[in-house]
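Structure first, then comments.
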There are 2 protein chains.
Amino acid sequence: MSKREAKPLNTRSRGQTALVVKTLGRKIASAELRPGDTLPVEQDLADSLQVGRNSLREAIKILSAKGMISTAPRSGTKVRPPEDWNMLDPDLLSWHADPKIATPEFLLSLTETRRIIEPEASRLAARRATREDVARILSAYERMEQFEETEVDLDADIQFHTSILTATHNPILANFRHCIITFLNAHFRYADKDVMTTASNLAMHRKIAWAIAAGKEQDAFDATAELLEVNRGKIESEIETLKDQ
Amino acid sequence: MSKREAKPLNTRSRGQTALVVKTLGRKIASAELRPGDTLPVEQDLADSLQVGRNSLREAIKILSAKGMISTAPRSGTKVRPPEDWNMLDPDLLSWHADPKIATPEFLLSLTETRRIIEPEASRLAARRATREDVARILSAYERMEQFEETEVDLDADIQFHTSILTATHNPILANFRHCIITFLNAHFRYADKDVMTTASNLAMHRKIAWAIAAGKEQDAFDATAELLEVNRGKIESEIETLKDQ
DNA sequence: TCATACTAATTATCCTACTAATGCGCAATC
DNA sequence: GATTGCGCATTAGTAGGATAATTAGTATGA
C-alpha cells in the first residue's frame with residue numbers, strides 16, 4: 001500500500017539509453033555542459049560513453065524532447081539555453097533538485113510557484129471536488145496524522161497535495177504535482193523535524209482538508225496560503241543556513 | 001524583425017522521425033489511440049508508417065519523454081493515461097489546440113491557468129523587472145498599438161505576455177509562456193475582431209505595462225486580473241457558440 | 001561586394017544481426 | 001486442486017555499418 005506516487009518512469013530503468021539520458025541530462029542541468037556548447041560527434045560520444053550509436057541517438061532524442069538540446073546536420077548537437085527547457089518535466093526537476101546541483105534560487109522558484117498555484121487550486125478543489133476526490137484528500141490527511149515515521153509522512157504529504165491538484169479537474173494545473181513532489185523530496189532532506197513544527201503543520205493541513213470537504217472556497221484558499229507562507233519562511237532560513245556553509 | 005517567438009523546435013522540421021512523432025502524438029492527443037492501447041510491434045508499425053525501424057524507435061522515445069507512452073520488452077508499447085502527459089510541452093499543447101482536436105474543456109483549462117498565473121506574474125514583474133525587462137514589455141505594447149494587421153498584432157500580444165513572465169525571473173513560471181502562446185493562437189482563430197474590443201483590450205494592456213514599469217505591484221496584479229476576466233467571458237461565450245454548432 | 005557553386009562535415013535514415021527482459025503456459029510439486 | 005517453478009516465444013533494446021540528406025564554410029566568379 002505504500003507505493004510511491006512517482007510512477008515507474010521509463011528513465012528510471014537501467015537500460016543503456018536511460019543511463020545516457022541521465023548522465024548527459026545531469027551534466028546539462030548542473031551547467032557542466034553550458035548552453036551553446038557543442039557535443040562531440042555521435043560516434044565519438046558513443047565511444048566515450050561506451051554505448052552503441054543507436055542508444056546514444058535515442059538518448060539525444062529524449063533530451064531534445066525535453067528541450068535541452070537541439071541537433072542539426074553539419075552544425076552538430078548543441079545545448080539549448082535554460083529558458084527552452086521543459087522545467088516541469090519530472091526528470092528535469094529531479095536532476096535540478098539533486099543536492100549537488102540544486103541552487104537556492106531554484107528552491108525559491110519552486111516555493112514561489114507553489115504559493116501562486118496551490119491556494120487557487122484549493123479554491124477550485126473546494127468548488128469541484130467529487131466524493132472520490134474528497135475521500136482521497138481525507139485519507140491522505142489521516143495517513144499524515146497516523147504515522148510519525150518520516151518516510152511515510154513524506155508520502156502522505158505528497159499524496160495530500162497532489163490529491164488537491166487532481167480535484168481541480170484541470171489537467172494543466174494537475175501537472176504541477178511534479179513541482180510539489182520535487183520540492184517536498186528536496187525539503188525533506190534539509191528540514192529539521194521538531195515536534196512543534198509537525199503539530200502545527202498537521203493542524204494547517206487539517207484546516208485545508210476540512211475547508212475543501214465543506215466546499216468553503218475562501219477558507220480553502222486562505223488555509224493553503226497560510227501553510228505555504230509558513231513554509232516559505234522555513235525555506236528561506238534554511239537557504240540562509242546553506243549559504244553560510 | 002517579425003520573427004516568431006516560437007523557436008525552431010526540432011519537431012517542426014520535416015524529417016521522418018518528426019513526422020512520426022506528430023502523427024502518433026496527434027492520434028494520442030485526439031484519443032484516436034486511447035490510454036492502455038498497445039501499439040503494433042515495432043516492425044509492423046514501422047512498415048505501416050513507411051519508415052525505418054530506427055526512425056520509428058526515435059519517435060517512440062520522444063513521445064515517451066513527453067510522458068505519452070511507455071515501453072517494455074515483451075509487453076509492447078502502450079499509451080499512457082493523460083494525467084501522465086507533460087501538458088506544458090509545446091508540442092503537446094499545439095496538438096491539443098488543433099481545431100479538429102481542441103475541446104472546450106481544454107480551452108477553459110488554459111484560461112483558468114492563465115488567470116491563476118498571470119496576475120501574480122505581473123505582480124512579481126512589477127517587483128523585479130530590470131530596465132531591459134521593462135523595455136521589452138513596453139516595446140511589445142507599442143507594437144500592439146501601432147499595427148492593426150492581425151498577424152503582427154498576435155505576435156506582439158504574445159511577446160507582451162511572455163515578456164512579463166520573463167520579468168518574474170522565475171524559470172518555472174516562465175515556462176507557462178507556452179500556455180499563453182497556445183491559447184492566443186487558438187483564440188485568434190475564433191475571435192471576432194471588432195474595433196471596440198480591440199480598443200479596450202489595448203487600454204488594459206497599457207495599464208498593465210504602466211503598472212509594471214512604475215513598480216506598482218498591486219495595480220499590475222489588478223489590471224492583469226481584469227484583462228483575463230474579460231477574456232474569460234469572451235471565451236466562454238465563444239465556446240457556447242461552438243457547442244451550438 | 002555580392003551572388004553562386006562546391007566541398008566536406010555531421011546528423012538522419014535504413015538495414016541486419018544479435019541481446020536481454022519477461023509474460024505466458026506447461027509441468028512438476030505440494 | 002492450487003501453487004510454484006521453469007522454459008519458450010515474443011518483444012523491445014543494443015550494436016554497428018552503409019548510405020542519404022542537409023548545410024556551414026569556402027572557394028569561385030561576376
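In the text below, chain A, chain B and the rest are named by the order of the sequence lines, each starting its count at 1. Just so it is clear, the model here is predicted, and its values are computed rather than measured.
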Query raised in the report: Taking NZ, NE, NH1 and NH2 as the nitrogens, is one of them in A:K61 or A:E42 under 4.0 Å from a carboxylate oxygen of the other?
Result: no

**Report entry** Check: A:F106 ring centre within less than 6.0 Å of A:H96 ring centre
**Finding:** yes

Query raised in the report: Using a distance-only test with no angle check, is there a side-chain donor-acceptor pair under 3.5 angstrom linking B:D133 and B:H169?
Result: yes

Query - Identified side chain to side chain contact (heavy atoms under 4.5 Å, CB included) partner of A:H161 from the options A:T166, A:I180, A:I181 - result: A:I180

Report summary line: Rounded to the nearest 0.5 Å, the CG atom of B:N185 sits from the CD1 atom of B:I158 at a distance of 4.5 Å

Requested in this report: Whole angstrom is fine here: how far is it from NZ in A:K61 over to C1' in D:dG13?
Outcome: 18 Å

Query raised in the report: Are the charged groups of A:E112 and B:R128 less than 4.0 angstrom apart, N to O?
Result: yes

Query raised in the report: For DNA chain D, what residues of residues 34-53 of chain A have any heavy atom nearer than 4.0 Å?
Result: A:V51, A:G52, A:R53

Query - chain A contact limits on DNA chain C, taken 5' to 3' with a cut-off of 4.0 angstrom to heavy atoms - result: C:dA8 to C:dT13

Report task. For A:H205 and A:D157, test the side chains for any donor-to-acceptor distance below 3.5 angstrom and give the result as yes or no. Result -> yes

Query raised in the report: Side-chain donor or acceptor of A:N54 under 3.5 Å from a matching atom on the base of D:dG16?
Result: yes

Query raised in the report: Atom CG of B:L56 and atom P of D:dT11: how far apart are they, to the nearest Å?
Result: 14 Å

Between the protein and nucleotides 22-28 of chain D, list the N/O to N/O atom pairs that are separated by less than 3.5 angstrom.
{"unit_1": "D:dA24", "atom_1": "N3", "unit_2": "A:R74", "atom_2": "NH1", "d": "3.4"}

Requested in this report: Would you confirm whether A:N86, through its side chain, and A:D89, through its main-chain N or O, come within 3.5 Å as a donor-acceptor pair?
Outcome: no

Query raised in the report: Taking only N and O in the side chain of A:S55, is any of them less than 4.0 Å away from OP1 or OP2 of D:dA15?
Result: yes

**Report entry** Modelled atom types, side-chain donor and acceptor of B:D47 and B:Q43, under 3.5 Å
**Finding:** yes

Report task. Could you check if a side-chain atom of B:V21 sits within less than 4.5 angstrom of a side-chain atom of B:D91, using non-hydrogen atoms only? Result -> no

